[in-house]
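Report on the following structure.
Keep in mind that this is a model prediction, so the values were computed, not measured.
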Amino acid sequence: MDRRSKRVGCKPMFVLLAMGFLAGLSTGAAGDTVKIISTETKTVDPSTIKKGDFNFDGKVDALDIKIFLQAIRNPKKFYEAYKHLGAEGILKLGDINGDGKVKRQDLVILYYQLVKEKKEREKKEKEGENKDGGNTTTSGGGGGSVTTTNRQGGDSNTGNRYTKKKDNQSNNTDKNSTTDSNKTDTDDGTKDKGDDSSKNDDSTKDDDSTKKDSDSDSDGDSDSDGKDSDSGMSDGGSDGNKTSTDGSSGSDGSDDTNSSNDSDGSGTGSGDGSVKGDDDKTVDPQPDASDGRKAPVQKMGINLNFMTYYSRAWVFADQMKMSNAASGWVSIRDYRSEGTLTRTTSDGWPLLDEGQWAQKIMMRGGAGMYPDGQYICTWKGTGEISFGFDARVSSVGDHRMVVDVVHRGAGVSLIVKKSDPNDPVRDIKFWMPGLENARSAFHPKFVASLKGYKVLRFMDWMHTNRTQVKTWSERTKMNAVTQHQPEKGVALEYMIDLANEVGADPWFCVPHMADDEYVRNMAALIRQRLHPSRKVYIEYSNEIWNWGFKQGNWIQAEGVKKKLHETSDYRSRLYYQAERSVRIFQLFEKAFGGKERLVRVIASQAANPWISDALLSYKDTAEHTDALAIAPYFGHTLTRIINDEIDTMTVDRILKLAESNLLATMPDNVARAKEIAEKHAVKLISYEGGQHITPGRTNERAVDLVKLANRDPRMYDMYAKMMNIWQQMGGEEFVAFNHIYAPNKYGVWGSMESMTQPLSEAPKRKALLDAMSGDLPYYLSPVSEYLANGAFD
């Protein structure tokens with residue numbers, strides 16, 4: 001099938017609906033009598049009708065959108081009401097942006113025009129005309145209305161979200177002119193750029209604009225992935241902070257082909273709704289689903305959290321595989337730590353001097369981190385082993401030890417007290433309760449928790465945001481002492497085996513510095529080990545568009561070195577991403593003997609379709625790509641509001657703000673991404689997505705409120721609406737972020753907080769399960785639900 005014919009299968013409902021008028025419909029003449037849907041009969045002149053005026057009352061308003069959506073639900077009624085206008089008239093009415101087609105984007109533009117009109121009307125009613133002239137900009141919220149004030153003095157800018165501009169048309173500079181307006185101090189004094197401020201949209205002043213957002217690790221090392229910490233145990237083993245990935249407030253760049261004068265929201269958080277203070281959106285919530293219908297079954301995927309000794313996910317049957325590797329074995333003399341043990345065997349087991357011990361932390365953290373019970377320790381070699389903290393040895397046999405663990409919050413430590421240098425203690429295993437010599441490498445409860453997901457994304461298992469792997473010989477192997485390898489990630493074999501056992505397609509993020517030989521070996525191993533019924537998602541690194549991640553800066557330097565763009569360093573970054581992605585895809589195609597089992601992914605920023613278009617338009621990138629992936633998050637603007645109003649903030653208010661942000665931004669972001677995907681004949685999928693409510697790092701009350709908001713049953717409804725928006729705007733696979741994560745000051749990212757959390761206390765997980773089983777409530781449309789609720793009456 002050629003690419004032109006492939007696009008037909010991706011056409012949105014609006015296009016297909018319009019095409020239906022081509023058969024047997026006559027063109028109307030002036031003065032035709034037309035019966036309006038659910039209203040009266042009137043005489044109209046088709047040549048005088050405004051675009052979007054579906055009821056011919058001389059104005060475009062909320063009723064027109066209602067009629068448009070009615071038509072989608074009941075095409076027969078639509079045909080009856082508009083048959084006198086013919087296909088040409090229908091296209092004229094629905095073609096809001098004037099590109100000759102009726103598409104999702106037309107509905108979105110029409111909707112936000114109404115948002116803008118309503119907000120401007122409300123502003124005039126409350127404040128009157130602005131007679132002072134000041135530095136105030138009024139623009140469309142979520143693409144619609146936002147009122148912002150330039151706090152620096154001087155003129156503020158009015159963004160134009162839908163206006164097409166030529167490359168480098170303005171006199172603005174590229175990324176070197178970026179203004180970072182959201183830097184705050186972390187607990188240890190290091191600079192933090194991101195989630196602690198709801199104004200998290202450091203837009204560059206060029207078509208190469210992007211959102212910069214990163215967080216220092218919980219150990220204060222300022223690594224931009226901000227998720228993994230090997231020493232940040234004070235808050236129960238925090239994985240650090242997930243950086244904001246959808247960047248819903250990033251400016252659109254210059255190549256957007258739409259024509260509505262809506263704002264890019266620069267300087268206002270995400271530019272989506274009226275503003276109280278700065279980012280307090282006031283979009284009306286959706287009503288509850290009322291007719292009992294269910295949404296279509298959704299193909300769901302999930303991101304897996306880091307492999308760490310303080311993870312709440314019981315991944316392996318042998319807990320030794322999750323023991324702490326960052327500090328290695330700790331040398332102990334006279335009950336005092338001497339730092340990292342310097343002598344080990346070639347495969348990492350300790351070699352001891354006289355009087356020296358070697359200690360390793362096996363598990364750590366608060367409630368839910370590890371189960372109570374009887375663990376079994378086995379080993380090879382000659383020596384002596386002991387355990388400490390929450391573990392007590394109850395019996396010792398021949399290279400076998402029974403260890404009782406009662407969780408008190410201290411963790412479990414293993415100590416090698418003696419080891420014969422000629423027959424060193426090695427191959428230690430610490431079997432979880434009831435799993436001694438288990439046939440599967442994985443804990444059965446962990447495998448069960450993943451059943452139903454069709455895609456497993458291993459970005460964090462591969463430590464993609466901090467990996468230093470360049471060559472195949474540097475990778476983590478299955479026989480490593482532990483799979484907790486912060487700069488290497490988990491052995492690829494274990495990822496493949498888990499996908500096989502779960503019955504899901506694996507999604508791999510190729511390390512940004514990996515050479516061709518690494519990619520060849522990686523592809524060959526996956527083909528040899530993965531079940532032949534499974535497909536493979538391949539992505540080059542992670543969030544290369546994001547200024548907050550180090551790999552993006554490395555990739556940009558490589559692009560500049562290759563002179564991929566004459567004037568823009570940021571374009572060089574994107575073009576290198578596209579070029580290297582294609583090379584990786586080609587190597588996989590060769591290893592797999594074709595592309596049938598591959599899903600070749602180009603990932604981009606959800607709120608910045610210019611980036612998506614720039615990537616897919618570069619040379620022949622689109623010809624080698626199967627999917628454009630974005631991360632449709634919501635709630636990322638709330639951090640500053642929560643902390644500014646901390647004394648009066650409630651869970652109810654957090655949820656209302658989060659839903660408002662969801663409904664005001666996601667339809668627009670997904671619709672525009674879908675248009676880019678269709679333009680290049682690829683499908684639209686998500687690489688991450690979900691709630692993005694972060695409490696900030698200094699206020700315990702904020703942390704508690706965000707935890708409670710994520711556990712509230714109303715979060716289920718928000719996820720239901722999120723999935724309905726995703727489906728109705730044309731998204732396909734949805735890979736949520738993430739599986740199991742201990743809530744802390746960096747966020748509540750997990751759909752589950754622990755392996756033992758009841759489903760009744762995990763509304764996000766319940767929503768994901770219902771989405772994949774077809775039990776999620778159906779909401780007609782985020783736009784129509786607004787209107788049905790009287791939002792624009």
Side-chain angles (χ1 to χ4, degrees), residues 210-211 213 225 227 242-248 250 298-306 453-465 467 489 495 499 504-512 535-546 548-549 551-552 555 574 577-578 580-581 584-585 598-609 611-612 615-616 621 625-634 636 666 669-670 672-674 676-677 680 682-692 722-723 726 729-739 741 749-751 768 771:
T210 186
K211 173 179 171 298
D213 192 6
D225 71 341
K227 301 176 190 174
K242 171 73 179 64
T243 65
S244 176
T245 55
D246 82 337
S248 67
Q298 173 66 48
K299 183 176 182 179
M300 292 295 309
I302 196 74
N303 280 265
L304 300 184
N305 200 17
F306 290 104
Y453 290 112
K454 302 302 182 184
V455 180
L456 303 180
R457 187 168 183 256
F458 292 106
M459 183 269 292
D460 279 336
W461 270 30
M462 301 181 78
H463 280 272
T464 305
N465 297 326
T467 182
M495 300 182 221
D505 296 335
W507 182 323
F508 300 109
C509 298
V510 177
H512 62 285
K535 286 195 170 187
V536 185
Y537 290 70
I538 298 299
E539 175 188 3
Y540 177 42
S541 191
N542 172 65
E543 289 194 7
I544 294 168
W545 58 265
N546 194 335
F549 290 132
Q551 67 267 25
I555 287 167
L574 299 180
Q577 175 187 352
R580 184 60 183 156
S581 294
I584 289 168
F585 298 157
L598 305 178
V599 181
R600 301 162 298 174
V601 179
I602 290 289
S604 180
Q605 187 180 18
N608 203 332
I611 292 178
S612 303
L615 287 165
L616 292 170
T621 304
T625 302
D626 301 302
L628 169 66
I630 61 172
Y633 282 105
F634 67 91
H636 39 273
M666 188 170 173
N669 288 342
V670 179
R672 294 188 299 150
K674 180 64 176 179
I676 299 300
H680 295 284
V682 300
K683 64 180 179 178
L684 178 66
I685 65 176
S686 86
Y687 64 87
E688 294 174 15
Q691 66 80 35
H692 195 297
M722 175 185 72
M723 295 313 308
W726 176 253
M729 292 295 171
E732 297 187 45
E733 293 98 301
F734 191 97
V735 184
F737 193 90
N738 67 15
H739 186 39
Y741 184 98
W749 300 107
S751 61
L768 298 180

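- Looking at W726, Y537, Y687 one by one, the single match for side chain to side chain donor-acceptor pair (under 3.5 Å) with E733 turns out to be Y537.
- A 4.5 Å side-chain heavy-atom check between V682 and D626 finds every atom pair outside the cut-off.
- Each of R600, R457, M459 was evaluated against E539; a single residue qualifies, R457, per the side-chain contact (heavy atoms from CB on, under 4.5 Å) test.
- For the residue pair V599 and K683, the shortest heavy atom distance occurs at CG1-CE, 4.4 Å.
- Note on ring orientation: taking the six-membered ring where Trp is involved, the planes of F508 and F458 are parallel (angle under 30°, cut-offs 30° and 60°).
- To the nearest 0.5 Å, the span separating NE2 on H512 from CD1 on I555 amounts to 6.5 Å.
- Summarising the geometry of I611 relative to Q605, their closest heavy-atom pair is CD1-OE1, 3.3 Å, with the distance given to 0.1 Å.
- When all heavy atoms of A603 and L615 are compared, the pair lying nearest together is O-CD1, 3.6 Å.
- For the residue pair N465 / N542, a side-chain donor-acceptor distance below 3.5 Å is found, with atom types taken as modelled.
- With rounding to the nearest 0.5 Å, the separation of CD in Q691 from CE in M722 is 9.5 Å.
- Remark: side-chain polar atoms of W507 are not paired, donor with acceptor, to backbone N or O of I538 under 3.5 angstrom.
- Note that the CG atom of D460 and the OH atom of Y741 stand 9.5 Å from one another [nearest 0.5 Å].
- Between H739 and L304, some side-chain heavy-atom pair lies under the 4.5 Å cut-off.
- The minimum heavy-atom distance between L628 and S604, with the atom names listed, is CD1-CB, 3.9 Å.
- To the nearest 0.5 angstrom, M729 atom CE is 12.0 Å from L684 atom CG.
- Here the NZ-CD distance, from K454 to Q298, works out to 12.0 Å after rounding to the nearest 0.5 Å.
- Summarising the geometry of M462 relative to T467, their closest heavy-atom pair is O-CB, 4.1 Å, with the distance given to 0.1 Å.
- For the atom pair D505 CG and L598 CG, the distance stands at 11.0 Å (nearest 0.5 Å).
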Pair N669-I630, side-chain contact (heavy atoms from CB on, under 4.5 Å): steps then yes or no: CA-CA 9 Å; N669 288 342; I630 61 172; 5.7 Å; no

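- In this structure, P632 and V670 approach most closely via the heavy-atom pair CB-CG2, 4.4 Å.
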Derivation of the side-chain hydrogen bond (donor to acceptor under 3.5 Å, both in side chains) call for E688 and Y633: CA-CA 8 Å; E688 294 174 15; Y633 282 105; 2.7 Å; yes

